[in-house]
There are 2 protein chains.
Amino acid sequence: MTPTIKTVAEHAGVSIATVSRYINGFGSVRPANVERVRKAIEELNFRPNVIGRSLRTAQTRSFGVMIPSLANPVFAEAMAGIQEGAKEAGYTTVITNTDYSIEEEPVAVHAMLSNQVDGLILTVTQADDNLLLDQLDSEQVPYVLLYNQTDKPGRCAVSVDNVAAAREVAERFLLLGHERVCMVTGRIAASDRAEARRRGFLDGLRSGGIDHASVVEVDFVNMDVTEVLHSLFASPAPPTALFCSNDALAIAVIAALRTLGIRVPRDVSIIGFDGISIGELIEPCLTTVEQPSREMGRTAVQHLLDILSGEATRNMVFLPHRLRTGATTGPVSDTAPVVLQNPKHHSQKENKT
Amino acid sequence: MTPTIKTVAEHAGVSIATVSRYINGFGSVRPANVERVRKAIEELNFRPNVIGRSLRTAQTRSFGVMIPSLANPVFAEAMAGIQEGAKEAGYTTVITNTDYSIEEEPVAVHAMLSNQVDGLILTVTQADDNLLLDQLDSEQVPYVLLYNQTDKPGRCAVSVDNVAAAREVAERFLLLGHERVCMVTGRIAASDRAEARRRGFLDGLRSGGIDHASVVEVDFVNMDVTEVLHSLFASPAPPTALFCSNDALAIAVIAALRTLGIRVPRDVSIIGFDGISIGELIEPCLTTVEQPSREMGRTAVQHLLDILSGEATRNMVFLPHRLRTGATTGPVSDTAPVVLQNPKHHSQKENKT
DNA sequence: CTGAAAGCGCTAACAT
DNA sequence: ATGTTAGCGCTTTCAG
């Protein structure tokens, strides 16, 4: 395909060291030789073999990124920021997704480490109590967590303040007069941020005098929310407001409610979390806690870079969130209670996200 | 971080060759030594350095993937299929996105080639007449195009039949009685599939006796569709049906029409292209040409693998599409012409997709 | 079945 | 300013 540096050197009538110097801009090369090398490279269509360089320099100038899934736009957006930041710094990224499977996490990380990535950006299910992270710590592998929320000191993570944000969600519901509220979330055990959001939400409600809010866990991967919602709204005092732990889930919930004959926001208010851009385009447009995902991705890269260069400030970094008011929220209504329709047998197909 | 094979060998009291044989399962190792090596690897937490191996074997077992953007769910879905297929075959993937910028294409490809990827999966803007692809051909770099449509023989691509699919879209509109139809598309010059879809669409209309359909190009990246739609619908005989060249655009168009006071499908029918899963969840749910994106990704990997192993069948591969009927299409209505509202100054923010 | 040794493409220390 | 050379971690002949 492309020749080696040796061929280029012969072609230019210089030594491989000179060619190397030319390529890397290190040391100096006589103008006449610069020209000869340049020409040789062009004529031979030479591309330096990064593998050879990496072996020698013991660094690949690449990052490993592990996220649950690219199908959730919030991670795709963060990736955009990561790629952007990495490119600016001259780094390549290797992406692996776990499909929300915790067993994949160590496999993926080890694969990336085998590929000698210089650092890792990870979104794990659980950052507090995590053997894999402990191992990385003990091996001194540079990594930054993204979206994870952890109190463990020395563990560097980029995130919004999920607890505070969720508390604001509760406050908003209370302000609108909602008292029968509920949180719909993916498996709490599989997500420290879901846990933080629950904590903040319940805490916020408690401050407003509501102690009995229920939390419903759903299988987020397959998003079979219809059944759960059906039983939730079959109760004599169904919720008038739902906090969904992320936007993808919120959108699925709204769709499922529709098949049940429950209208948003007339019958029930919805607030999501993430601020994915599609949320602004749908009808009614989604009220949600906006995270600066792209910026978070960039920040994660920046921190990793800082760690690599020794300016290590290993701790949590919180970026600001914003409660974005859409049209899925409204004041609690006094109208007759919801009349539930039978869910159309919509053959809820596997709908990974 | 992790030791080298030499350390493992010393630790196990064998030579590095034996360790290598053990790791690769090639050649045979005495059971006693197997055990000693296994133990040494475990104790030292050894991970073979893939860089060293790659340099020696002159293959990385990795693919380079270049797509326009991960923010468009259709590519994220294809990536899922690619990752899946690659993983099964023991390959890693390196992803680069061009953000729809044609200048980035050669840069990205050369970067991946410098990283010695064993093959490429590419979505380019233009597959027919493309210097970069010509270069890859002449350098004999193994690659497979994805989503691109080309007639150039020997150029391997995985796609649906965009022309046929778009023709079906036209037929559907005609069947519903629409005569004033229009296509809204990203820059045609920047997408061979958009071009193919236009060709099929216009051809289908022509077969139904419609010769005057207009095609409107929009800046897809920034999705500033409101203005274009406003002038389109300000005409005395505005279209009653719109074919959008992809679902992300269709969703943006529906949102923009909403701000203009134009309702879908009452005032205008919409058909998209791609079949992204979010399209099924929105209200009204999107009528679209469904592509089997995940499957296309897998197929692309399979073909690349075939090419690498010499079973080269270098040609276009068409996967079946399906016109999925949603709720954005309906018969043409006889009601009064659309009354246009002024577009709310929605501060159309940059909304990359 | 095992070990010694060469060498993949490159960089960097050293010598000139 | 330039060339020579060692060696990064690994696989793979080739002898034994």
Side-chain angles (χ1 to χ4, degrees), chain A residues 1-38 40-41 44-62 90 92 110-118, chain B residues 1-38 40-41 44-62 90 92 110-118:
Chain A
M1 321 219 298
T2 185
T4 75
I5 196 173
K6 195 172 158 212
T7 316
V8 175
E10 283 163 5
H11 207 83
V14 297
S15 75
I16 59 171
T18 301
V19 178
S20 176
R21 277 188 279 263
Y22 169 82
I23 293 169
N24 298 294
F26 245 36
S28 38
V29 182
R30 185 151 43 100
N33 281 340
V34 165
E35 182 50 24
R36 298 167 74 171
V37 172
R38 198 201 53 68
I41 288 179
L44 296 170
N45 215 330
F46 170 71
R47 281 182 305 271
N49 183 331
V50 171
I51 298 292
R53 171 185 301 165
S54 296
L55 185 59
R56 175 63 227 240
T57 60
Q59 56 149 335
T60 53
R61 292 194 81 77
S62 72
T92 311
H110 285 136
M112 296 191 287
L113 290 178
S114 284
N115 278 286
Q116 306 299 114
V117 294
D118 294 345
Chain B
M1 320 221 296
T2 184
T4 75
I5 197 173
K6 194 171 158 215
T7 316
V8 175
E10 284 163 5
H11 207 83
V14 297
S15 75
I16 60 171
T18 299
V19 177
S20 176
R21 276 189 279 262
Y22 168 82
I23 292 168
N24 298 294
F26 244 34
S28 39
V29 182
R30 185 150 44 100
N33 281 340
V34 166
E35 183 50 23
R36 298 167 75 170
V37 172
R38 197 200 54 70
I41 288 179
L44 297 170
N45 214 333
F46 170 70
R47 281 183 304 271
N49 183 331
V50 171
I51 298 292
R53 172 184 301 165
S54 295
L55 184 58
R56 175 62 225 241
T57 60
Q59 57 148 329
T60 53
R61 293 194 79 78
S62 73
T92 310
H110 285 136
M112 297 190 288
L113 290 179
S114 284
N115 279 285
Q116 305 298 116
V117 296
D118 294 345

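Convention: sequence-line order gives letters A, B, ...; per-chain numbering from 1.
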Report the nucleotide, chosen from D:dT4, D:dG9, C:dA12, that has the shortest atom-to-atom distance to any side-chain atom of A:Arg56. C:dA12
Does the side chain of A:Asn49 get closer than 4.0 angstrom to OP1 or OP2 of C:dC8 through an N or O atom? no
Describe the nucleic acid contact of B:Ala58 in one word from base, sugar-phosphate, nothing, applying a heavy-atom distance below 4.0 Å. nothing
Please tell me if A:Thr4 has a side-chain N or O lying less than 4.0 Å from either OP1 or OP2 of C:dG9. no
How many angstroms lie between atom NE2 of B:His110 and atom CG of A:Asn45, to the nearest 0.5 angstrom? 6.0 Å
Respond yes when some side-chain nitrogen or oxygen of A:Asn33 is under 4.0 Å from OP1 or OP2 of D:dT2, and no when none is. yes
Contact class for B:Val29 vs. all strands (heavy atom < 4.0 Å): base, sugar-phosphate, or nothing? sugar-phosphate
Look at the side-chain N and O atoms of B:Arg30 and state whether any lies under 4.0 Å from the OP1 or OP2 oxygen of C:dT2. yes
NA contact type, B:Tyr22, heavy-atom cut-off 4.0 Å: base, sugar-phosphate, or nothing? nothing
What distance separates A:Asn33 CG from A:Ser15 OG, expressed to the nearest 0.5 Å? 9.0 Å
For B:Ser20, answer base if it contacts any base atom (sugar-phosphate contacts may also be present), sugar-phosphate if it contacts only those atoms, and nothing otherwise; contact means non-hydrogen atoms under 4.0 Å. base
Starting the side chain at C-beta, find the nucleotide from D:dT4, C:dA4, D:dG9 nearest to B:Leu55. D:dG9
Reckon B:Thr18 has a side-chain N or O less than 4.0 Å from the OP1 or OP2 of C:dC1? no
For B:Glu10 and C:dG3, give me the distance from atom CD to atom P, rounded to whole Å. 13 Å
Please state how far atom CD1 in B:Ile23 lies from atom C1' in D:dT11, giving the value in whole angstrom units. 10 Å
Which residue, B:Thr57 or B:Gly13, contacts DNA chain C at a nucleotide closer to its 5' end, judged by nearest heavy atom? B:Gly13
Using a 4.0 Å heavy-atom cut-off, does A:Val50 contact any base of the nucleic acid, only the sugar-phosphate backbone, or nothing at all? nothing
Quick one: label A:Ile16 by what it contacts on the DNA or RNA (base, sugar-phosphate, nothing), any heavy atom closer than 4.0 Å. base
For B:Arg53 and D:dT11, is the shortest distance between a side-chain N/O and OP1 or OP2 below 4.0 Å? yes
For D:dG3, does the base pair up with any side-chain atom of A:Arg21 as donor and acceptor (N or O, under 3.5 Å, distance only)? yes
